[in-house]
Amino acid sequence: MHDINLVRDNPQAFDAALKQRNAAPAAAALIACDDARKAAIAKAQALQTTRNETSKKIGQAKGAGDDATAEALMAEVADLKSALQAAEDDERKLKAELEAALSVLPNIALPDVPEGLDEADNLEVRQVGAVAGINNAAQHFEIGEALGQMDFEAAAALSGSRFVVLRHDLARLERALGNFMLDLHTSEFGYTEVNPPVLVRDDAVYGTGQLPKFTEDLFRTENGYWLTPTAEVTLTNLVRAQITDAADLPLRFTAWTPCFRSEAGAAGRDTRGMIRQHQFSKVELVSIVEPDDGEAELERLTACAEEVLKRLGLSYRVMLLCAGDMGFSARKTYDLEVWLPGQNSYREISSCSYCGDFQGRRMNARFRNADAKSTQYVHTLNGSGLAVGRTLVALLENYHQEDGSVLIPEALHPYMGGRTKIEVVK
RNA sequence: GGAGAGGUGGCCGAGUGGUCGAAGGCGCUCCCCUGCUAAGGGAGUAUGCGUUAAUAGCGCAUCGAGGGUUCGAAUCCCUUCCUCUCCGCCA
């Protein structure tokens, strides 16, 4: 959510920033709506002043037992009522209109974010690890099915397409990955482990920006809960509608949760395998910081996610997303793309974003500085650390052996009961 | 799921239609007194919005949230969220 005052301060710059995000100009309409709103406020307040003064006098007259004066005053304000009602309705309506208009506008990019339309314009920041050219490399689902531990048919029978059943060591590998990532982030990077709900109300999903614009991407229960598409929703909303003490910042949360996405716009894409599922698990990182610390925190958070890849010995590159390719709430985003030999390409495995006060304003999440009297909106960041399902995919494709087995990277050995490889199950 | 109670300022806690943004206490800040790691006295101590050069002044709103009744609501009505108690059910 944008601050309407910033729009008023510099409408041209605002529209230019929107254009970068592939959004139409909106400043003029927003300002017109805000002008009307302010006029309605002024009108309503003037009427309220009159009403309050008169009511006070009525109270005094009644207290003094002067009923005649009280009656006269009451007659005086009688017709004020409908005018006030109308002015208040007007104000409410215009406020709702303004909020509705603001709530569907994407966040604007930081100055160092490259311009561009889509992923073709993203900028490679760095590449880590060697990219092995493997001839006829197998895809993860071929490997998993050959291992006898990845079952898409069973999942389809239970739930339909875009689900998977893992068994044996692959099931355990998923659990190992979640535990390994949580342990890393909590013990080495200072994140607080959280176990949040995966069913939430409108407010929470609105706070992080998935609502009201992206309902079609979400699953909803019959009684109105939303299934969280990412723990970003719950972890970020932990500070909603609160004033946090500046001394408590930064707050850093991590959680390993299932994530649910309808993938409405992805028909036909990644239909095979575990790359794109309706349900997948992910370890999420969220930071709540003061404004001045936001950009540095993005580097830190990204580094935390990268460390997972490094410890697993996976090759990857870091992409700085162009303005047109970023998510709705982001001001700047790094995508981590892991090398997948089976696909002979890099695939996104983490997305780390700095959102500025965009979510803070939507959530009404503020902090108070010890020396400053007023409050400010907190700045928020989130990133995957990492998407567990896709990490499992990467391990299969990168550690696949000629005999069909899959080596387990050393960092995971303790989590796999000392096992060093996954072999075919008969 | 059934029955009941309740949500007031940083905290505790008064207040059931009229000078209530809200008594009192605690905490905190500043000042005075005291000269010793105490006590006492005084003042102050919410947030948002509008107006504005202004975090000056003035105004409006806010007693969980949103509506409503009324000239006037923390106080009455409706809706909703949350907390607690008892019963039922249950991992």
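Since we're looking at a predicted model, the values are computed, not measured. Every chain is numbered from 1, with letters handed out A, B, ... down the list of sequences.
In this entry B/C89 has no Watson-Crick or G-U wobble partner, no candidate having both defining distances under 3.5 Å. Of the nucleotides present, B/U83 is the one that pairs with B/A5 by Watson-Crick or G-U wobble criteria, both distances under 3.5 Å. When both distances must be under 3.5 Å, the Watson-Crick or G-U wobble mate of B/G21 does not exist. Under the Watson-Crick or G-U wobble criterion, with both distances below 3.5 Å, B/A74 is left unpaired in every strand shown. Using N1 to N3 plus N6-O4 or O6-N4 for Watson-Crick, or N1-O2 and O6-N3 for G-U wobble, each under 3.5 Å, B/A39 pairs with nothing. The nucleotide B/C26 finds its pairing partner in B/G10, both defining distances of the Watson-Crick or G-U wobble pair being shorter than 3.5 Å. B/U34 is unpaired under the criterion used here, namely a Watson-Crick or G-U wobble arrangement in which both key atom distances are under 3.5 Å. Look at B/G59: its Watson-Crick or wobble partner, with both distances under 3.5 angstrom, is B/C49.
Comparing A/G59 and A/A46, the nucleotide of RNA chain B nearest to each residue sits closer to the 5' end for A/G59. Toward the 5' end of RNA chain B, the nearer of the two residues A/V77 and A/A44, judged by each one's closest nucleotide, is A/A44.
In summary, the aromatic rings of A/F214 and A/F328 are positioned with their centroids under 6.0 Å apart. Ring pair A/H379/A/F358: centre-to-centre distance not below 6.0 Å.
The side chain of A/R201 lies closest to B/C82 when the candidates are B/C82, B/G50, B/C71. Distance from the side chain of A/R92 is smallest to B/G68 among B/G68, B/C49, B/G48.
Taking atom C1' on both nucleotides, B/C26 is separated from B/C78 by 38 Å, rounded to a whole Å. Of the C1' atoms belonging to B/C11 and B/G4, the separation is 28 Å, rounded to the nearest Å. Taking atom P in both B/G64 and B/C71, one finds a spacing of 25 Å when rounded to whole Å. Distance check on atom P: B/A43 versus B/A23 gives 14 Å, rounded to whole Å. A gap of 4 Å separates the C1' atoms of B/C63 and B/U8, to the nearest Å. A gap of 12 Å separates the C1' atoms of B/A46 and B/A22, to the nearest Å. Comparing the same atom, P, in B/A61 and in B/G66 gives a spacing of 14 Å after rounding to whole Å. Taking atom C1' on both nucleotides, B/G25 is separated from B/U80 by 34 Å, rounded to a whole Å.
A/K38 comes within 4.0 angstrom of the backbone, heavy atoms only, and of no base. Residue contacts for A/T54: at a heavy-atom cut-off of 4.0 Å it reaches no nucleic acid atom on any strand shown. When heavy atoms are screened at a 4.0 angstrom cut-off, A/Q48 is found touching the sugar-phosphate backbone but no base atom. A/Q85 comes within contact range of the sugar-phosphate backbone alone, with a heavy-atom separation under 4.0 Å but no base atom that close. Counting non-hydrogen atoms under 4.0 angstrom, A/L73 reaches nothing in the nucleic acid.
Spacing between atom CG of A/N5 and atom C1' of B/U52 amounts to 13 Å, rounded to whole angstrom units. Between the CD1 atom of A/I243 and the P atom of B/C11 there is a distance of 11 Å, rounded to whole Å. Separating the CG atom of A/N364 from the P atom of B/U62 is a distance of 17 Å, rounded to the nearest angstrom. If you measure from atom NZ of A/K56 to atom P of B/U19, you get 8 Å, rounded to the nearest angstrom. Between the C1' atom of B/G66 and the CG atom of A/D202 lies a distance of 15 Å, rounded to the nearest Å. A straight line from CD1 of A/I58 to C1' of B/U19 spans 13 Å, rounded to a whole angstrom. Separating the CG atom of A/D245 from the C1' atom of B/G27 is a distance of 15 Å, rounded to the nearest angstrom. Counting to the nearest Å, the P atom of B/C71 and the CG atom of A/D67 are 16 Å from each other.
At most 12 non-hydrogen atoms from other residues, nucleotides or ligands lie less than 6.0 angstrom from CD of A/E410.
A donor-acceptor contact closer than 3.5 angstrom links the side chains of A/D183 and A/Y415. A/Q277 and A/E263 share no side-chain donor-acceptor pair at under 3.5 Å. In this structure, a donor-acceptor pair under 3.5 Å is absent between the side chains of A/Q45 and A/E91. There is no side-chain donor-acceptor pair under 3.5 Å between A/Y354 and A/E297.
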Write out a two-atom table: protein N or O, nucleotide N or O from nucleotides 72-76 of chain B, distance below 3.5 Å.
from  : atom 1 : to    : atom 2 : distance (Å)
B/G72 : O4'    : A/S55 : OG     : 3.1

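Between the side chain of A/D357 and the backbone N or O of A/G360 there is no donor-acceptor pair closer than 3.5 Å.
Taking the six-membered ring for Trp and thresholds of 30 and 60 degrees, A/F163 and A/H278 have ring planes inclined between 30 and 60 degrees apart.
With sequence neighbours left out, the ring-ring contact (aromatic ring centres under 6.0 Å, His included) criterion links A/F152 to no other residue.
Taking only side-chain nitrogens and oxygens, A/R366 never comes nearer than 4.0 Å to OP1 or OP2 of B/U47.
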